[in-house]
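For the single chain, residues carry numbers from 1 onward in sequence order.
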Amino acid sequence: MANKFHDFDEPINRIGTDSFKWDYEGENGKYIPLGVADTDFKAPEEAIAAVRKRTEFGVYAYGALPQERFAASICNWYKKRYGLTVDPETIRHSQGLMTGALWMILNAYTRPGDKVLIQAPVYHTFSIVIKGAGRFVESNDLVLEDGRYEMNFEDLEKKVADPRVRIMLICNPHNPVGRVWTKEELIKVAEICKKNNTILVGDEIHGDIVYGEHNHTPLFSLSDDLTDNIVVMGSPSKTFNLACFYSAYVVIKNKALRDQYNVVYDDFHFDYNYLGIEALMACYNECDYYVDQQNEYFWKNIGVVRDFLAENMPEVKMIEPEGTYLLWIDFSAWNMEQDDLMNAFTEAGVRLNSGTNYGECGKGFVRLNVATQTAVLKKGLDCIKVARDRHMA
């Protein structure tokens with residue numbers, strides 16, 4: 001598909017389209033929103049065509065999940081992108097990741113009062129869903145060393161040894177710090193969880209978005225002796241901008257764990273998104289070219305931010321991303337309270353995500369989304385410069 005091209009510079013006006021990013025975060029165009037983790041790009045034409053075909057059929061009655069085609073498209077994706085052979089029997093559907101897969105996983109494998117281990121600073125919805133389900137959050141905080149985040153394995157060993165920690169939830173690639181965990185790191189984590197009979201759950205929603213020499217290693221691809229307590233959550237939503245379809249999946253190699261997941265799924269009589277599944281299958285079967293071009297575009301935008309900071313505010317440090325389209329940026333040199341820092345950006349016309357959303361260890365940081373047209377990104381960066389100029393005046 002080398003001859004196919006997607007124009008990521010195409011201007012897309014999302015204001016007035018019931019967009020959470022532009023109409024809520026951006027307040028209908030009042031601010032440039034560089035926070036919410038979706039992209040400002042159209043989905044691939046193949047996905048649009050698949051949805052259009054279903055839409056034009058005109059009958060929107062109850063559907064029957066096309067499990068065989070659904071699983072085959074996911075197997076096809078992992079074969080093409082990662083060289084992995086996935087057993088279609090290990091794949092199950094979910095309605096999105098957080099209030100879909102994660103919620104079902106918590107109900108399948110834990111009980112109220114159990115603990116779930118996360119690695120802060122990390123995606124804030126993890127804590128929201130865990131607490132909302134009546135479970136407790138434990139954190140094995142990441143450690144920032146020489147501009148790169150690392151795992152604290154000594155602390156991890158201690159935390160996972162607590163019998164109340166029933167699940168460890170790992171984000172790979174990590175949102176928001178941008179780490180792509182190496183295979184060696186993942187093996188070490190899996191060994192610790194295995195030794196302590198802790199289920200290891202991987203959020204791999206950003207798995208297709210990696211840069212340079214970094215490679216995403218799906219947890220289920222580890223050796224068989226490590227994967228019988230592993231559950232992987234995946235979705236095309238970040239890769240292809242399909243978030244509103246809530247079409248996702250889990251990969252569970254252990255049949256007993258898979259059966260427990262199925263019980264929860266069946267008990268709540270879940271259905272599926274008739275249009276979203278078609279978009280998922282179209283993307284996974286036909287749209288490799290889109291991902292390759294989009295990752296190049298993301299990397300170009302990351303370079304725009306890197307150069308902007310170096311030229312205009314060298315005291316501000318960007319954590320070099322290995323994956324995701326989200327940047328983790330350290331503004332602590334401005335010596336501002338977190339609320340004052342975020343208000344300064346808002347008053348200058350740009351909305352970013354506060355680092356403390358992802359844990360107290362995110363104080364002084366912000367998360368910035370580069371998944372927009374370069375022209376829009378540059379306008380947002382100009383607003384950040386206005387904030388600095390006002391602060392330094």
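Residues Ser127 and Ile118 share a closest heavy-atom pair of OG-CD1, 3.6 Å. Closest heavy-atom contact between Ser73 and Met281: OG-CG, 3.6 Å. Closest non-hydrogen pair, Ala101 versus Ser94, comes out as CB-OG, 3.5 Å. Residues Ser221 and Leu84 approach most closely at CB-CD1, 3.7 Å, considering heavy atoms. Between Tyr31 and Val350 the shortest heavy-atom distance is CD2-N, 4.4 Å. Taking both residues in full, the closest heavy atoms of Met168 and Val189 are given as SD-CG1, 3.6 Å, listed atom of the first, atom of the second, then distance.
For the residue pair Trp328 / Tyr149, a side-chain donor-acceptor distance below 3.5 Å is found, with atom types taken as modelled. When only modelled atom types and interatomic distance are considered, Tyr290 and Thr239 share no side-chain donor-acceptor pair under 3.5 Å. In this structure, a donor-acceptor pair under 3.5 Å is absent between the side chains of Asp228 and Asn254. Under the 3.5 Å distance criterion, with hydrogens and angles disregarded, no donor-acceptor pair is assigned to the side chains of Asn172 and Glu204. Neither side chain, Thr17 nor Ser19, offers a donor N or O lying under 3.5 Å from an acceptor on the other. A donor-acceptor pair shorter than 3.5 Å can be found between the side chains of Thr110 and Arg135. A side-chain N or O of Tyr274 and one of Arg54 form a donor-acceptor pair less than 3.5 Å apart. No side-chain N or O of Gln67 forms a donor-acceptor pair with one of Tyr272 less than 3.5 Å apart. Using a 3.5 Å distance cut-off with no hydrogens or angles, the side chains of Thr324 and Asn175 do not pair a donor with an acceptor. Side-chain contact annotation: Gln294 with His6, donor-acceptor N/O pair under 3.5 Å absent. Judged by distance alone, the side chains of Asn107 and Tyr265 never bring a donor and an acceptor atom under 3.5 Å apart.
Taking a cutoff of 4.0 Å between a charged side-chain nitrogen and a carboxylate oxygen, Asp225 and Lys194 do not qualify as a salt bridge. A salt bridge links Lys195 with Glu157: the distance from a Lys NZ or Arg NE/NH1/NH2 to an Asp or Glu carboxylate oxygen falls below 4.0 Å. Salt-bridge formation is not detected for the pair Lys378/Asp382: no Lys NZ or Arg NE/NH1/NH2 atom is positioned less than 4.0 Å from an Asp or Glu carboxylate oxygen.
Residues Phe220 and Tyr78 place their aromatic rings such that the two centres sit under 6.0 Å apart. Taking the six-membered ring where the residue is Trp, the centroids of Trp103 and Phe268 are separated by under 6.0 Å.
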Show, in sequence, the C-alpha distance, side-chain angles and deciding distance for Thr217 and Leu222, and conclude whether the side-chain contact (heavy atoms from CB on, under 4.5 Å) test is met. CA-CA 8 Å; Thr217 302; Leu222 301 181; 4.2 Å; yes
For Asp162 and Lys115, what are the C-alpha separation, side-chain angles and deciding distance, and is it a salt bridge (Lys or Arg N to Asp or Glu O under 4.0 Å)? CA-CA 9 Å; Asp162 181 349; Lys115 291 182 178 181; 3.0 Å; yes
Is there a salt bridge (Lys or Arg N to Asp or Glu O under 4.0 Å) between Asp259 and Lys255 once you walk through the steps? CA-CA 6 Å; Asp259 288 345; Lys255 185 178 183 302; 2.8 Å; yes
Give the intermediate values and the outcome of side-chain contact (heavy atoms from CB on, under 4.5 Å) for residues His93 and Gln95. CA-CA 7 Å; His93 168 257; Gln95 297 80 358; 3.7 Å; yes
Worked check of side-chain hydrogen bond (donor to acceptor under 3.5 Å, both in side chains) between Gln373 and Asp9: CA-CA 5 Å; Gln373 291 76 20; Asp9 278 319; over 6 Å; no
side-chain contact (heavy atoms from CB on, under 4.5 Å) assessment of Tyr109 paired with Gln260: CA-CA 8 Å; Tyr109 311 132; Gln260 287 175 267; 3.7 Å; yes
Verify side-chain contact (heavy atoms from CB on, under 4.5 Å) between Arg164 and Glu138, making sure each step is shown before the conclusion. CA-CA 10 Å; Arg164 293 172 295 175; Glu138 185 70 81; over 6 Å; no
Which is it for Arg148 and Glu322 under the salt bridge (Lys or Arg N to Asp or Glu O under 4.0 Å) test, yes or no, and what are the steps along the way? CA-CA 10 Å; Arg148 189 170 189 254; Glu322 300 170 355; 2.9 Å; yes
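Within a 6.0 Å radius of CD in Glu68, no more than 12 heavy atoms belonging to other residues, nucleotides or ligands are found. Within 6.0 Å of NZ on Lys30 lie no more than 12 heavy atoms contributed by other residues, nucleotides or ligands.
Expressed to the nearest 0.5 Å, how far CG of Asp141 lies from CG of Leu144 amounts to 12.0 Å. Between the OG atom of Ser247 and the CG atom of Leu97 there is a distance of 11.5 Å, given to the nearest 0.5 Å. Separation of atoms CG (Asp38) and CG (Leu242) is listed at 11.0 Å; rounding is to 0.5 Å. Atom NZ of Lys4 is separated from atom CD of Glu286 by 6.0 Å, given to the nearest 0.5 angstrom. Atom SG of residue Cys287 and atom NZ of residue Lys80 lie 8.0 Å apart, to the nearest 0.5 angstrom. Here SG of Cys244 is found 11.0 Å from CG of Asp18. Values are rounded to the nearest 0.5 Å.
Results of the side chain to side chain contact (heavy atoms under 4.5 Å, CB included) test with Phe240 over Phe41, Phe245, Tyr284 single out Tyr284 as the only residue that passes. Under the side chain to side chain contact (heavy atoms under 4.5 Å, CB included) test applied with Ile384, the options Leu352, Val305, Ile32 reduce to a single match, Leu352.
By the criterion of side-chain heavy atoms lying less than 4.5 angstrom apart, applied directly or through intervening Ile, Leu, Val, Met, Phe, Trp or Tyr residues, Phe345 is grouped together with Leu377 in one hydrophobic cluster.
At least one cation-pi condition fails for Arg351 and Trp22: the charged atom is not both under 6.0 angstrom from the six-membered ring centre and inside a 45 degree cone around its axis.
No donor-acceptor pair closer than 3.5 Å links the side chain of His391 to the backbone N or O of Met336.
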